[in-house]
Amino acid sequence: MALRVVDFHAGWEKIQRAIDRIVSFVDDNGVIRDENFRLFSASESMSIYETVYNLCTQKDPAYEKELYRRYEDFLNHHINTRVLPAMRGKSGEHLLRETVRSFRDYKFIMRWMTLFFLYLDQFFVGRYNRPTIRNAALLILHNQVYEEMKGDIISTVLSLINEDRDGKPVDRALVKQVLEVVFDLQSETLNVPYQTDFEPALLDSSGAYYALKMANWLQNLPYPEYMLQVVECLNAENFRAMQYLHPSTVPKLLERTKFEIANPDRIDANCLAGKVQQLKLGSNSYYC
């Protein structure tokens, strides 16, 4: 590749025009069906890459640090002017849909930025111990958006899961999409938010939900019917979990559910307590 001296301001204007084109496309159309839509031709992409390459490799001065800084500045600006304003103030399924839409658009932008700034990934980030272009984008999204919104997002997902358990109509595809967003936020320098934030909250919420179910069933069902209810419940929980949870979560969820509703020691203890209470009340009917 022929190296030629590029004025930084002229080079950055060319890069900025390409970035503006990406953002305008996302603003006007969103990325609904085809995340691999080719917004730039191969020759256009190569021309932008060459501009970055020349700015980074020319001498006196080279602009790789400045380009990396401006890339981060663009991401921060995009999040603060588009992503966060679109998410703040929303709740329930509206928040979840906006989460999915915003992340899908953000990934589209990330894909093009990774192509344009490939030289920085290859020769700059390792030398200066900086996150890759992709990981820098995920870190900024995590720190500025996810950390602010995760409480509302996770609590909404847990509420929908409980509604699904109660037989209410729930958009399972939406729940799956949101959880995929949370899972995909992992990077080389981040723990997996799905595992550190969502999964423990899910297990705790499920434990509380099924502890109440167990108490109600033991109080109102004869023992044989209770055990039938346990089997039906575990089968239904497994089916639901496979619809939207990451496969690694399913056995953990089923184990927690079994602990709450099918633990022999807990069942026997509750049955004994129920019999004592019935004797005190003078009842002659024993369910367990």
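Model, not experiment: these values are computed from the prediction.
- Judged purely by atom type and a 3.5 angstrom limit, Tyr226 uses its side chain to pair as donor or acceptor with the backbone of Ile261.
- For Tyr68 and Phe124, the distance between ring centers is under 6.0 angstrom.
- Salt-bridge formation is detected for the pair Arg21/Glu44: a Lys NZ or Arg NE/NH1/NH2 atom is positioned less than 4.0 Å from an Asp or Glu carboxylate oxygen.
- Using a 4.0 Å cut-off between charged nitrogen and carboxylate oxygen, Asp105 and Arg101 count as a salt-bridge pair.
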Determine all donor-acceptor pairs shorter than 3.5 Å in which one atom belongs to a side chain in residues 83-92; sequence neighbours excluded.
residue	atom	partner	partner atom	Å
Arg88	NE	Glu148	OE2	2.8
Arg88	NH2	Glu148	OE1	3.0
Lys90	NZ	Ala86	O	2.7

**OP:** Given side-chain contact (heavy atoms from CB on, under 4.5 Å), test Asp197 with Val182 step by step and report yes or no.
**Re:** CA-CA 9 Å; Asp197 296 329; Val182 177; 5.9 Å; no
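- In terms of the side-chain contact (heavy atoms from CB on, under 4.5 Å) criterion, residue partners of Arg134 (sequence neighbours excluded) are, by chain and number, Met110, Thr114, Thr132, Leu138.
- With sequence neighbours left out, Asp20 forms a side-chain contact (heavy atoms from CB on, under 4.5 Å) with Gln16.
- Summarising the geometry of Ala137 relative to Leu75, their closest heavy-atom pair is CA-CD1, 3.6 Å, with the distance given to 0.1 Å.
- At a cut-off of 3.5 Å, with distance as the only test, no side-chain donor of Asp184 or Tyr194 sits close to an acceptor on the other residue.
- Side chain of Asn238 to backbone of Leu234: no donor-acceptor contact under 3.5 angstrom is found.
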Original post:
Would Leu55 and Ile15 count as a side-chain contact (heavy atoms from CB on, under 4.5 Å) if you check the C-alpha gap in whole Å, the side-chain angles of each, and the deciding distance to 0.1 Å?
Top reply: CA-CA 11 Å; Leu55 287 171; Ile15 297 168; 4.1 Å; yes
**OP:** Verify side-chain contact (heavy atoms from CB on, under 4.5 Å) between Val178 and Leu174, making sure each step is shown before the conclusion.
**Re:** CA-CA 6 Å; Val178 173; Leu174 175 62; 4.2 Å; yes
**OP:** Verify side-chain contact (heavy atoms from CB on, under 4.5 Å) between Ile19 and Met113, making sure each step is shown before the conclusion.
**Re:** CA-CA 8 Å; Ile19 293 174; Met113 295 296 98; 3.7 Å; yes
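- Ring centroid separation for the pair Phe108 and Phe25 comes in under the 6.0 Å cut-off.
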**OP:** Might you work through the side-chain hydrogen bond (donor to acceptor under 3.5 Å, both in side chains) test for Ser206 and Arg165, ending with a clear yes or no?
**Re:** CA-CA 10 Å; Ser206 301; Arg165 288 166 173 154; 2.7 Å; yes
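- Listed for the Asn220 side chain is a donor-acceptor partner under 3.5 Å among the backbone atoms of Asn216.
- The shortest non-hydrogen separation linking Ser205 to Asn162 is OG-ND2, 3.8 Å.
- Looking only at atom types and distance, the side chain of Thr57 has no donor-acceptor partner in the side chain of Tyr119 under 3.5 Å away.
- Met46 and Leu118 fall within a single hydrophobic cluster, where Ile, Leu, Val, Met, Phe, Trp and Tyr side chains are chained together by heavy-atom contacts under 4.5 Å.
- Ring-plane geometry between Trp112 and Phe116 is classed as tilted, the angle between the planes lying from 30 to 60 degrees on a 0 to 90 degree scale.
- Using the six-membered ring where Trp is involved, Phe8 and Trp12 have ring planes that are parallel, under 30° apart on the 30 and 60° scheme.
- Under the 4.5 Å side-chain heavy-atom criterion for grouping Ile, Leu, Val, Met, Phe, Trp and Tyr, Leu228 is not connected to Leu254 through any hydrophobic cluster.
- Between Arg69 and Glu66 there is a salt bridge, with a side-chain nitrogen of the basic residue lying less than 4.0 Å from a carboxylate oxygen of the acidic one.
- For Ala208, the side-chain contact (heavy atoms from CB on, under 4.5 Å) criterion is met by no residue, not counting sequence neighbours.
- Contact check on Arg130 versus Glu72 returns a salt bridge, with a Lys/Arg side-chain nitrogen under 4.0 Å from an Asp/Glu carboxylate oxygen.
- For Tyr71, the ring-ring contact (aromatic ring centres under 6.0 Å, His included) partners are Phe117, not counting sequence neighbours.
- With hydrogens and angles disregarded, a donor-acceptor distance shorter than 3.5 Å links the side chain of Thr99 to the backbone of Leu95.
- Taking the side-chain contact (heavy atoms from CB on, under 4.5 Å) definition, one finds that Gln144 meets it with Asn76, Ile79, Asn80, Ile140, sequence neighbours left out.
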